[in-house]
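To start, the structure itself, in structure tokens.
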Amino acid sequence: MASLSLKHIYKKYPGGVTAVSDFNLEVKDKEFLVLVGPSGCGKSTTLRMIAGLEEITEGELRIGDRLVNDVAPKDRKIAMVFQNYALYPHMSVFENMAFGLKLSKVPKDIIKKKVEEAARILDITHLLDRKPKALSGGQKQRVALGRAIVRDPQVFLLDEPLSNLDAKLRATMRTELTKLHNRVGTTFIYVTHDQVEAMTMATRIVVMKDGLIQQVDSPQKLYDEPVNLFVAGFIGTPQMNFMDGKLEKKDGGLYFIYEGNQIKLPESKANAPELQEYIGKEVVVGLRPEGIFDDPDTIAKYPDSTLTADVEVTELMGAEIYLYLTVGEEGKLTARVSSRSTTRAGNSIQIAFDPTRMHIFDKDTERCIIH
């Protein structure tokens, strides 16, 4: 059993600095949970409190049924993998992986069996006699993971373990980590500032900002139903477009007025009770880049939400093109369109919004009013 319970956890440093505030979370057994957020948001501090490397100022931390606030790191049945791998340079890969077991006085034959099994899982059997200096970044990463696996921990804690790798290797290791999680069947808690890592690996994501949890949800739910502007802007590449404008009722419909353009809201949104108090007021509308179209056939489907845009830059990404657009005086938008698009920088084009995909946010509180 490797569930975790964090109740009203705070981390306060001398001088009045609060790194983590009122952190409440139930982590399920065998879950792959990812803490994500910008640098300094408190995600690594939270992980280190779980590990026992940072003292908890207030609150309760339980692993399974056991309260572990005052339990030493070595007795928490957890294993941590760091960003810098922390391998001993004078030891072979085998010795590095066996070191923790040796300290715990595990018999030699069991150590050998555990290390060889972990090496087989991670495909590093052929490296067991090498020293760390003879390894690539990806190989060092696997050794660090192997050292954690041999301890049979209840919980794996991983602190930005892929940040030192190049982009191609990072993508490979993401897949490897997901496969490893499925194979060892243990709870993983993973910290990253890279939302692509979070989206591709997590069963649930915790989005943090300024020491506070913003939202905890599945990757798809975070993408489709962000609770506020911060989550909406942090999750997704390219970032969600944000448009400042006003809601106005006219001709029996509800319109979003943006840079002199009128975009009609679908009835499902227009009649939503939670939107009625915002009629005549300024709001922020969010729309993901794939909700903006430049092809005539699709534009024809959305006659009530077409507008003119100037194309500043186009980026061919292989399977798709990113268009960086200007609307009116100050409107900046990004569209993700088909690679067959003939739109080029310098063009003035017609675009259409899919109004069913528009998220509407309160301008003052930044909370999402309606998806």
Side-chain angles (χ1 to χ4, degrees), residues 2 30-34 44 47-48 50-51 53 73-74 76-194 196-198 200-203:
K30 297 180 183 173
E31 186 166 24
F32 198 131
L33 186 93
V34 177
S44 286
L47 199 75
R48 290 172 67 82
I50 295 169
L53 302 174
K74 66 183 176 63
R76 292 192 181 195
K77 292 195 175 172
I78 53 161
M80 191 153 177
V81 180
F82 296 94
Q83 186 176 344
N84 62 1
Y85 318 136
L87 301 178
Y88 296 109
H90 61 287
M91 292 184 186
S92 68
V93 166
F94 184 96
E95 289 164 337
N96 264 289
M97 288 170 66
F99 189 67
L101 298 177
K102 224 170 169 181
L103 284 183
S104 303
K105 307 255 189 313
V106 174
K108 277 186 179 175
D109 58 328
I110 293 175
I111 290 177
K112 187 171 186 293
K113 189 180 169 192
K114 281 178 175 280
V115 170
E116 285 174 354
E117 171 64 11
R120 187 185 61 74
I121 288 171
L122 293 161
D123 195 22
I124 53 172
T125 305
H126 60 294
L127 304 174
L128 288 174
D129 295 328
R130 288 194 199 174
K131 296 272 172 65
K133 67 180 178 189
L135 304 178
S136 68
Q139 289 167 337
K140 286 177 186 170
Q141 178 61 70
R142 287 165 193 259
V143 176
L145 285 166
R147 187 178 52 195
I149 289 170
V150 297
R151 294 177 53 201
D152 293 329
Q154 288 187 334
V155 184
F156 270 92
L157 305 178
L158 301 105
D159 191 5
E160 305 226 16
L162 308 185
S163 58
N164 290 341
L165 305 179
D166 63 60
K168 188 180 177 189
L169 193 51
R170 248 197 336 260
T172 305
M173 284 305 294
R174 284 204 306 264
T175 311
E176 292 300 321
L177 277 171
T178 305
K179 288 198 291 197
L180 178 65
H181 173 251
N182 294 335
R183 212 175 289 145
V184 298
T186 308
T187 306
F188 275 46
I189 302 178
Y190 187 103
V191 159
T192 181
H193 63 270
D194 182 339
V196 175
E197 283 179 24
T200 51
M201 293 194 292
T203 47

Inset, instruction - Without swapping roles, check the side chain of R142 against the backbone of L122 for a donor-acceptor pair under 3.5 Å. - result: yes
Inset, instruction - Spell out, as yes or no, whether a donor-acceptor pair under 3.5 Å connects the side chain of R151 to the backbone of I78. - result: yes
How close do [X] and [Y] get, heavy atom to heavy atom, and via which atoms?
| X | Y | answer |
| --- | --- | --- |
| M97 | R147 | CG-N, 3.9 Å |
| I121 | L180 | CG2-CD1, 3.7 Å |
| G146 | A118 | O-CB, 4.1 Å |
| P161 | V191 | CD-O, 4.3 Å |
| P153 | A148 | CD-O, 3.3 Å |
| P89 | P132 | O-CD, 3.7 Å |

Drop me the distance from [X]'s [atom1] to [Y]'s [atom2], to the nearest 0.5 angstrom.
| X | Y | atom1 | atom2 | result |
| --- | --- | --- | --- | --- |
| D166 | S136 | CG | OG | 9.5 Å |
| T192 | M201 | OG1 | CE | 7.0 Å |
| T200 | F32 | OG1 | CZ | 8.5 Å |
| H181 | E31 | NE2 | CD | 8.0 Å |
| R48 | L53 | CZ | CG | 5.0 Å |
| M80 | I189 | CE | CD1 | 10.5 Å |

[Y] side chain reached by [X] side chain, heavy atoms, under 4.5 Å:
| X | Y | value |
| --- | --- | --- |
| L135 | I124 | no |
| L177 | L158 | yes |
| T203 | K30 | no |
| V184 | F156 | yes |
| R170 | D194 | yes |
| L162 | Q141 | yes |
| T186 | I149 | no |
| R76 | V155 | no |

Inset, instruction - Inspect the surroundings of CG in D129 and state if more than 12 heavy atoms from other residues, nucleotides or ligands are less than 6.0 Å away. - result: no
Legend entry - Positive for salt bridge (charged side-chain N to carboxylate O under 4.0 Å, His left out) with E116, one of K113, K114, R120, K112: K112
